[in-house]
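One structure below.
For clarity, every value in this text was computed on a predicted model and none was experimentally measured.
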Amino acid sequence: MFVKCSQDKLTDQISGHAIINTKDDVIILDDVVQGVALYKLSATDRLKMFLVPHEQLRSRNVAFNEGGKTIVTGSDHGDGYIFDRRSGK
């Protein structure tokens with residue numbers, strides 16, 4: 001399941017792309033200000049942040065890969081990033 005990016009007309013805030021992995025009970029969310037975050041879905045606890053350098057506050061696509069073992073994200077400068085979900089590296 002995925003959630004797409006939207007911009008709030010009242011606050012002008014951008015909400016980024018998100019992907020839910022129900023099997024592992026986690027969600028990854030692109031927070032355009034703080035970076036890509038991994039949350040525990042059932043408890044809404046933030047588990048880990050994945051820092052992606054950025055030049056602009058633009059939404060990046062995020063995805064789980066390898067059965068949820070890795071997190072893949074794009075950037076506003078053309079590079080792609082792959083992170084190990086557990087270690088963050």
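Distance check, rounded to the nearest 0.5 Å: CD1 of I27 to OG1 of T22 gives 11.0 Å. Here T70 contributes atom OG1 and R86 contributes atom CZ; the two are 12.0 Å apart, rounded to the nearest 0.5 Å. The CG atom of L38 sits 12.0 Å away from the CZ atom of F83 when rounded to the nearest 0.5 Å.
Contact between A18 and L29 at its shortest, heavy atoms only, is CB-CD1, 3.8 Å. The minimum heavy-atom distance linking K48 with S87 is given by the pair CE-C, 4.0 Å. Closest heavy-atom contact between D24 and G67: OD2-O, 4.0 Å.
At a threshold of 4.5 Å between non-hydrogen side-chain atoms, the residues Y39 and V26 do not count as touching. Between N65 and I82, the closest side-chain pair of non-hydrogen atoms is not below 4.5 Å.
Between Y81 and H77, the ring planes lie perpendicular to each other; the angle is over 60°, past the 30° to 60° tilted range.
Look at D84 and K69 and you find no salt bridge, because none of the NZ, NE, NH1 or NH2 atoms lies under 4.0 Å from a carboxylate O.
With T73 contributing its side chain and N61 its backbone, the two residues share a donor-acceptor pair below 3.5 Å. Counting only distance, with no hydrogens or angles, the side chain of R85 and the backbone of G68 share a donor-acceptor pair below 3.5 Å. Under a 3.5 Å cut-off, the side chain of H17 and the backbone N or O of D30 do not form any donor-acceptor pair. Under a 3.5 Å cut-off, the side chain of D25 and the backbone N or O of S42 do form a donor-acceptor pair.
Under a hydrophobic clustering in which Ile, Leu, Val, Met, Phe, Trp and Tyr are joined whenever their side-chain heavy atoms come within less than 4.5 Å, directly or via other members, V72 and I19 fall into different clusters.
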